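Below is one structure; the comments refer to it alone.
Letters go in sequence order (proteins before strands), and every chain restarts at 1. What you see is a predicted model, and the numbers here were worked out from it, not measured in a lab. Computed from heavy atoms alone, side chains included, the values below leave out hydrogens, waters and symmetry copies.
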Number of protein chains: 4
Amino acid sequence: MSGTTGDKLDLILDAAYELFGVDGFYETKISDIANRAGIAKGTVYLYFKSKEELCLAVTRRDCEQFLDNLHEALRPCTNMADKLYVIAVHHTRYHFERRKYTKLVFRAPNNDPALMQYMRQFMFRYMEIVLDVLKEGKVAHPQWSAESYIGMLDRVKMDLMFNPDFNEQQLQERTRFVTDLFLMGCEKQINRPGDSS
Amino acid sequence: MSGTTGDKLDLILDAAYELFGVDGFYETKISDIANRAGIAKGTVYLYFKSKEELCLAVTRRDCEQFLDNLHEALRPCTNMADKLYVIAVHHTRYHFERRKYTKLVFRAPNNDPALMQYMRQFMFRYMEIVLDVLKEGKVAHPQWSAESYIGMLDRVKMDLMFNPDFNEQQLQERTRFVTDLFLMGCEKQINRPGDSS
Amino acid sequence: MSGTTGDKLDLILDAAYELFGVDGFYETKISDIANRAGIAKGTVYLYFKSKEELCLAVTRRDCEQFLDNLHEALRPCTNMADKLYVIAVHHTRYHFERRKYTKLVFRAPNNDPALMQYMRQFMFRYMEIVLDVLKEGKVAHPQWSAESYIGMLDRVKMDLMFNPDFNEQQLQERTRFVTDLFLMGCEKQINRPGDSS
Amino acid sequence: MSGTTGDKLDLILDAAYELFGVDGFYETKISDIANRAGIAKGTVYLYFKSKEELCLAVTRRDCEQFLDNLHEALRPCTNMADKLYVIAVHHTRYHFERRKYTKLVFRAPNNDPALMQYMRQFMFRYMEIVLDVLKEGKVAHPQWSAESYIGMLDRVKMDLMFNPDFNEQQLQERTRFVTDLFLMGCEKQINRPGDSS
DNA sequence: GATGAATGAGGGTTCATTCAT
DNA sequence: AATGAATGAACCCTCATTCAT
C-alpha cells in the first residue's frame, strides 16, 4: 500500500529504458528486463500488454520529461535569443546526459503504429514550442526555421552520442555556436576556439 | 534471365533495398527477399554471409551512389554559395525520390558493428565534402558549420519522408530556404511564400 | 451478498458451469470464472484445489442432478414401456434445456483420472437404472439393450446440441420415436410426420 | 525425389495420430510429435501451419479411411439386413482396432471451427450412407432411424474403448446384437449367451 | 475468509542458416 | 552455381497457482 505498485512499475520502466537504450529494442528480451528489475517475467505483463507497449511507455516517459523540463527552463526567459539558447542548451544537455543510450536514437520497433503516432505527436509539440518562440521574435518562415533549428541541434546530439571524445566543454561551445549560426548565418560567425578540424 | 552472377546479385540488392526500406530490417525475412528477387532462399547465401552483411551491402550501394552523385553535381560549381545550394538540392532530392523507403532512415540492425562502422565512415566522407566547401569559403568553424548544415538538411529529409503532403514545390522552397538560412541566419531571411504557418 | 460460504461456492459452480459449457475447459481461465462469479481469483482456491477439481465438482453437480431428477420422474411409473419413455423424455429434455452448453458433451480435461473415474461411475449408475427397468420387463440381453437405448438417446442429444434448427416439437417426436424403435425395431415403426428426409 | 517428402508427411501424421489419440490434443506437445517422427520441431511447420491444422489433417485421414473402407465393405451387399450388419461390423471393428486411442473420441481442440466443420461434414456423409441403406429398405423415418443406429454403434464403441475387458468375442456378439435389436426391437430379441449381467 | 499482485514453468511458432542434391 | 527441405535455437506471452496482507 505504500506505493509498492508504483515502485514496481518504475523498476520496469527503468530497466527497460536502460536495456532498450543500450542494447536496442529487438536485442532486449523481456526476461532481461525482468531480471534487471528484480521481478518475474510474468510481472511485466501485469503492467504492459506487450513488449511494444512497454517500449511506448518508456518512450513516453522520456519524451514527456524532455518537454516538461523544457517548459520549466523557458519560463524565466524573456527575449528570443535567450529562449533559443535555452532550447539549445536543454536539447544538447538532455542528450549528453543520456549519451550512453545510443539505441534510443532509433525508436524501434519501427513498425509499431502507436509508437510512430506518439513520436509524431511529440515532434509536433516540440516544434510548437520552438515555433512560438520564433513567431514572437517575428522571424520569417517560423515553421521552416524551427525545423532547421531542431535539425542543427539533432546533429549535435548525433555527434555527442557517437563521438566518444565529446566532452562537457565542447558541449557548451557547440551549443552556443548553433544558436549564433541560426541567428546570424555562417558568414557573420566569429571565430571561436576549439574547432580547428 | 541470362543467369549471370552479376544479374542475380543486383536482383538481390534491389529486392532487399525495397523490402528493408519499406518494411524494415527486422520485419523483412530472407525468404521475402528471395521471393521478390525470383530466386531461391539458399542462393542469397551464395552472395552474402548473413542478413546483416546483405543489409550492409544494400546500404553501401545506396550511400556510395549518394556520394558519387554529389561529386558529379559539384564539379561544375565554382563559388561556395552555389556549392552549398547544390549540396542541399542533392540531399533533399535524393531522399525525396526515395521517400517511400522510410525505414531506411533507421539503418538497422542497430547492433551490427560493421554497419555502424560504415555509416560513420560515410558520414565522415559526406562531412569532408561539405567541410571542403566551407573551408574554401573561409567560413569560421567549418566543422561545426558543416554538421549544422547537414543537420538542417536531414530535418527536411525527415519532413518529406513522414509528411504525406510534402510535394515538389515545397521541396524547392525548403531547399532554397535552408541554404539562405545557413548563409545569413534567420534574422536576414526574406519572407518567402508558402510558409505562413 | 450475505457472504455465506455456500453462496460463494454456488456462484463459482454456476460460473464454471456456464463457461466450461460454452467455451470449454481449456478455453476457460480461472480468472474468467472468478470474474463471472464476482469474486477474486484466489477465492476459487479456497473452495477447490485445482481447475480440474472444480471441473469435477461442476460435472458431479450436473450428473447427480440428472440422476436425482430421473429417479423422481420414474417413481410414478409402473410398466416398462412407461419407464422407458420417461427415461427418454428425461434424457432428451435435460440436454435440450442445456443445449447451449455444447462443450459439456466432451467432459474435458481428458486426462484427469478422478474425472474419468467419476464419469465411469455415473455411466454405471445411469446404466443400472435402465438395466433394472429392462430386467423387470424380462428383456433379453438387458445390459446390451440398456447400452443401446442410451446410445440412441445420446445421438438425439448430439443432434439437438449441434443442429440449430432443432425445436421443441421435434424433441417430442424424436423421443417417442426412439422408444418405439427400441421396443419394436425399425420394421414395425409406423410412419410419423416430420421425418421425410 | 523417391517420395521422401510424402514419407515425412506420413511420419508426422502417424506420430500425431498416436500421441493425440493416446495423450490428447492439449497434452501433446509439437516437440513430442517431432521427436516421435524423428524430425526437427520446425519441420512440422513446413507441412502444417499450426497444431490445430495438424490435428485436422490427422482427423481427416482417419475419417476418410473410415468412409473408404465402409464403401468398400458395402459393395458386395445386396439386401438391407446385410448392409446394416456390414455397417455395424465396420463401425465396431474399426474402433476396436483403434481402441487404445481413446482420446480420439473427443476431437479436441473443442473450439477449432475448421475441425468442427469437418466433423459435421463427416457425420453427414456417414449418415448419408446409412440413410441410403434404410431408404432402399423402405424403412419408416429413415433419418431418425439412421441416427439411432449410429447411436447404438457409438455406444458399443464407448464400451470397447473404456472397458478393458472387452474382447474379440464380445465384439462379434455385440455387433450382431445391435443389428438385430435395430431390426426387430428389444421384445423380439432372442436370448444370446454372454450377456448375463 | 477474501484478495489480487506476483510468480515462472511451459509451449507454440518463427526464421536465419545449412547442406545434400 | 542453384535449390529448398530441414534444422533448432530463440523468445514472447499465458495462466494456474501461491501467499502476504
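- The side-chain hydrogen bond (donor to acceptor under 3.5 Å, both in side chains) search around A:Thr59 returns A:Arg107, not counting sequence neighbours.
- With sequence neighbours left out, B:Lys100 forms a salt bridge (charged side-chain N to carboxylate O under 4.0 Å, His left out) with B:Glu18.
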Name each donor-acceptor pair under 3.5 Å that joins a side chain in residues 49-57 of chain B to protein atoms two or more places apart or in another chain, with its distance.
from    : atom 1 : to      : atom 2 : distance (Å)
B:Lys49 : NZ     : B:Glu53 : OE2    : 3.4
B:Ser50 : OG     : B:Glu52 : N      : 3.4
B:Ser50 : OG     : B:Glu53 : N      : 3.2
B:Lys51 : NZ     : B:Phe25 : O      : 3.0
B:Lys51 : NZ     : B:Thr28 : O      : 2.8
B:Glu53 : OE1    : B:Lys49 : N      : 3.0

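- Secondary structure note: stems in DNA chain F built from 3 or more consecutive Watson-Crick or G-U wobble pairs under 3.5 Å occupy E:2-21 with F:2-21.
- For A:Arg60, the salt bridge (charged side-chain N to carboxylate O under 4.0 Å, His left out) test picks out no residue, with sequence neighbours left out.
- Taking atom CZ of C:Phe48 as the reference point, atom C1' of F:dT18 lies 18 Å away to the nearest angstrom.
- For E:dG1, neither phosphate oxygen OP1 nor OP2 lies less than 4.0 angstrom from any side-chain nitrogen or oxygen of C:Tyr47.
- Between B:Lys8 and F:dA1, a side-chain N or O to OP1/OP2 separation shorter than 4.0 Å is absent.
- In this structure, C:Arg120 forms no cation-pi arrangement with C:Phe124, as its terminal cationic atom is not both closer than 6.0 Å to the ring centre and no more than 45° off the ring axis.
- Distance CD (A:Glu53) to C1' (F:dC12): 14 Å, rounded to an integer number of Å.
- Remark: B:Asp14 pairs with B:Arg61 by the side-chain hydrogen bond (donor to acceptor under 3.5 Å, both in side chains) rule, at least two apart or across chains.
- Atom-to-atom, CD1 of A:Ile33 to C1' of F:dC12 comes out at 11 Å; the value is rounded to the nearest Å.
- Legend: residues meeting salt bridge (charged side-chain N to carboxylate O under 4.0 Å, His left out) with C:Lys157, ordered by chain and number and at least two apart, are C:Asp154.
- At least one side-chain heavy atom of A:Leu13 sits under 4.5 Å from a side-chain heavy atom of A:Leu9.
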Reading 5' to 3' through nucleotides 11-17 of chain E, protein heavy-atom contacts under 4.0 Å coded B for base, S for sugar-phosphate only, - for none: SSBBSSB

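- In terms of the side-chain hydrogen bond (donor to acceptor under 3.5 Å, both in side chains) criterion, B:Gln117 has no residue partners (sequence neighbours excluded).
- Residues forming a ring-ring contact (aromatic ring centres under 6.0 Å, His included) with A:Tyr17 (at least two apart in sequence, or on another chain): A:Tyr101.
- Partners of C:Tyr118 under the side-chain hydrogen bond (donor to acceptor under 3.5 Å, both in side chains) rule, at least two apart in sequence or in another chain, are C:Glu64.
- B:Leu11 has its CG atom 16 Å from the P atom of F:dA1, to the nearest Å.
- As a whole-Å value, the separation of A:Ile12 CD1 from E:dT7 C1' is 13 Å.
- Within residues 14-22 of chain D, no residue is approached by DNA chain F to less than 4.0 Å at the level of any non-hydrogen atom.
- Positionally, the nearest nucleotide of DNA chain E for C:Ala40 lies more toward the 5' end than for the other of A:Val44 and C:Ala40.
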